[in-house]
Amino acid sequence: MKKVIALGVVLIFGFALLAGCGGEEKQAAAPQQPAKASTTFVTIGTGGITGVYYPTGGAIAKIVNQKKDQYHIRCTVESTGGSVFNVNAIMAGDLQFGVVQSDRQYQATKGLAEWADKGPQADLRAVFSIHPESVTLVAAVDAGINAIQDLRGKRVNIGNPGSGQRQNAIDALEAVGIDYNTDMNAESIKAAEAPGLLQDGRIDAFFYTVGHPSGAIKEATAGARKVRFASITGIDALLEKFPYYAKSIIPATLYPGAEGGADVQTFGVKATFVTSAKVPENVVYAVTKEVFDNFDAFKSLHPAYAVLTKEGMLEGMSAPIHPGAMKYYKEAGMK
Ligand code: GLU
């Protein structure tokens, strides 16, 4: 009975609040089949609401929900702590899909980093990849930070433990010889809270691995305290060591409030869309087909998708491709 009530709440929530784009209602384990309608409920794990993952989950849900009469799938979106949280929640069956950094997909698949103790996440499955993300270091001008090397002795948010960016920050700091435990005051706060803390003078800088433009970076660059993007260079050994890192540039023109104005050099990864081997083939097939068949409509839903190509969306995956996604790629002649 409780489950039926809970599903009713999800329905009302979905209709009333987001007109089919999904809400933040948490779902139970595997896709649910309520007694009356044969609707399958799936939840997409994203990130903070001012990032790009949250609107990305919304974009995918919107496109899939348009065909609810055909597929009987209802997608909802949940704001989460980010990539690492999403992988773990998908593996636990609490979420069916999630947006996850390509480096985190690789580490989870191979049993590295946060998964070193738990081992390879054998049920993790890739669906497609999405927009590029840059490791973005936003710093207060009055803190005298121009480059990552200037973070010594500063108060810096490296990210919450469930986030993707935390390990990127640690890797980059290590690469330039800064120990985040001893050489600076590291904070472990969610990215959505960092812009406010920077503007309030409670931190000097923060890391966020995110697509551009994003609401969080707009917020950070639009306040009274002047901020700039600090460069992350001198990390060639890091880029050589890890196959998932590549050089990237933050186009400063996207943020007129930021000081400097020139493009900033850093490195980055890709956002990817993942699921579990336990999610049924027909569900993953429908989601994949709708995103690719409506590629132009999908691409128009966020400016960070400007660079997307269908072929590019099959790059950057390291987990096995889910059979439902593969079925579509074969049908479409893409694999
Ligand atoms: N890359 C971040 C993470 O994995 C999330 C970025 C976003 O929400 O756009 O935690």
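Throughout, numbering of the chain's residues begins at 1 and tracks the sequence. Note that ligands are numbered from 1 as they come in the structure, with each ligand's atoms numbered from 1 the same way. What you see is a predicted model; the values in this text were computed from it and never measured.
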Passing candidate, ring-ring contact (aromatic ring centres under 6.0 Å, His included) with Phe292, options Phe273, Tyr329, Phe298, Tyr285:
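That would be Tyr329.
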Does a side-chain heavy-atom distance below 4.5 Å link [X] with [Y]?
X: Tyr245; Y: Val269; result: yes
X: Gln199; Y: Glu219; result: no
X: Lys118; Y: Asn88; result: yes

Which atoms from ligand 1 have a heavy atom of [X] less than 4.0 Å away?
X: Glu133; value: 1 (N), 6 (C)
X: Gln165; value: 2 (C), 3 (C), 10 (O)
X: Gln101; value: 1 (N), 2 (C), 3 (C), 4 (O)
X: Gly51; value: 7 (C), 8 (O), 9 (O)
X: Ser83; value: 3 (C), 4 (O), 10 (O)
X: Gly82; value: 10 (O)
X: Thr209; value: 1 (N), 2 (C), 5 (C), 6 (C)
X: Val210; value: 9 (O)

Membership question, hydrophobic clusters at under 4.5 Å side-chain separation (ILVMFWY): are Leu239 and Ile148 in the same one?
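Yes, same cluster.
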Check the hydrophobic clustering (I, L, V, M, F, W, Y; side-chain heavy atoms under 4.5 Å; chains of links allowed) and say if Val64 and Tyr328 are grouped together.
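Yes, Val64 connects to Tyr328 through the hydrophobic network.
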Parallel, tilted or perpendicular: rings of Tyr208 and Phe206 (30°, 60°)
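The arrangement is tilted - the two ring planes meet at 30° to 60°.
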I need the contact type for Tyr208 against ligand 1. Using non-hydrogen atoms and a strict under-4.0 Å cut-off, is it side chain, backbone, both or neither?
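Near ligand 1, Tyr208 shows its side chain, while the N, CA, C and O stay back.
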Answer side chain, backbone, both or neither: which part of Arg104 comes under 4.0 Å from ligand 1, heavy atoms only.
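Under 4.0 Å from ligand 1, Arg104 contributes no heavy atoms.
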Pair Tyr53, Asn86: side-chain N/O donor-acceptor within cut-off below 3.5 Å:
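Note: Tyr53 and Asn86 side chains miss the donor-acceptor criterion.
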Atom 9 (O) of ligand 1 - nearest protein heavy atom and its distance:
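Looking at atom 9 (O) of ligand 1, the protein heavy atom closest to it is Val52 N, 2.6 Å.
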What residue and heavy atom of the protein are closest to atom 3 (C) of ligand 1, and at what distance?
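Atom 3 (C) of ligand 1 sits closest to the protein heavy atom Gly164 N, 3.2 Å.
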With respect to atom 8 (O) of ligand 1, which of Tyr54, Phe85, Tyr53 exhibits the smallest heavy-atom separation?
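The residue whose heavy atom sits nearest atom 8 (O) of ligand 1 is Tyr53.
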N/O donor-acceptor pair under 3.5 Å between Asn157 side chain and Ile189 backbone:
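Here the side-chain-to-backbone pair exists.
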